[in-house]
Structures are given as C-alpha cells and as structure tokens.
Amino acid sequence: MLVAPVARAWVPDLAEDGRLGLCTGALSSVSGLIVLLGSAGTGTLLDAAWLPPAVPWVVLAGVTAVAVVLLPRAGGVATARSRVRVRGGWSRSSPRP
C-alpha cells in the first residue's frame, strides 16, 4: 500500500518504449497477488481457533513494526539515491544534476 503510488510513478520512467501498458499491467497484477496473499494469511491467522486470542494481534503488530523499521528515513538511503539514471537520461521525478 505504501509502495504502490511510488512504483506507479516510476513505471513511465523505467518502462521501455512501447512497453508502458505491459509494465503497468504487470505491476497491478503483482500488487493484487500480494494483497490476495496478505489477506488470506491474515484471515487464516485471525480464524485460527487453536491460538490464544492475543497471538494473531501480536503477530500483526510485529509485521507492522518490521515494516516501520525497514522503511527508509529522510536523510538516509532514500535521499542519497534521489537521482536515478534511466535509459540515457534522468528520471522525471528527480532533479537534473
């Protein structure tokens, strides 16, 4: 959910000429598959009657905590790679050198 808008913005810059539709469709398909797997896993975890009631919520909170730790911070890796060279030019979303 957090990565999809950024990935969709990069597709026109990263797609080869004539492949924009294919790349957009592939991104949407992969995103949908990830959502399907995540929803199925969460539903299975919440429906597991053999687990104590707090365990599924602790697991979901742990997944959220791991995501927060892994996200780049301002001033870190994300800004160091702000200029991305794409197909002989610079991406539209980054400043020119």
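The analysis underlying the following values was restricted to heavy atoms, covering all of them including side chains, and did not include hydrogens, waters or symmetry mates. This one's a predicted model, so the numbers in the text were calculated from it and none came from an experiment. In this chain, residues are counted from 1 in sequence order.
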Quiz: residues 39-55 side-chain donor-acceptor pairs under 3.5 angstrom, not counting sequence neighbours:
residue : atom : partner : partner atom : Å
S39     : OG   : V35     : O            : 2.9
T42     : OG1  : G38     : O            : 2.9
T44     : OG1  : A40     : O            : 2.8

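Note that CG of L27 and CG of L22 are 11.0 Å apart. Values are rounded to the nearest 0.5 Å. Going from atom CZ of R8 over to atom OG of S28 covers 4.0 Å, rounded to the nearest 0.5 Å.
The closest side-chain heavy-atom distance from L14 to C23 is not below 4.5 Å.
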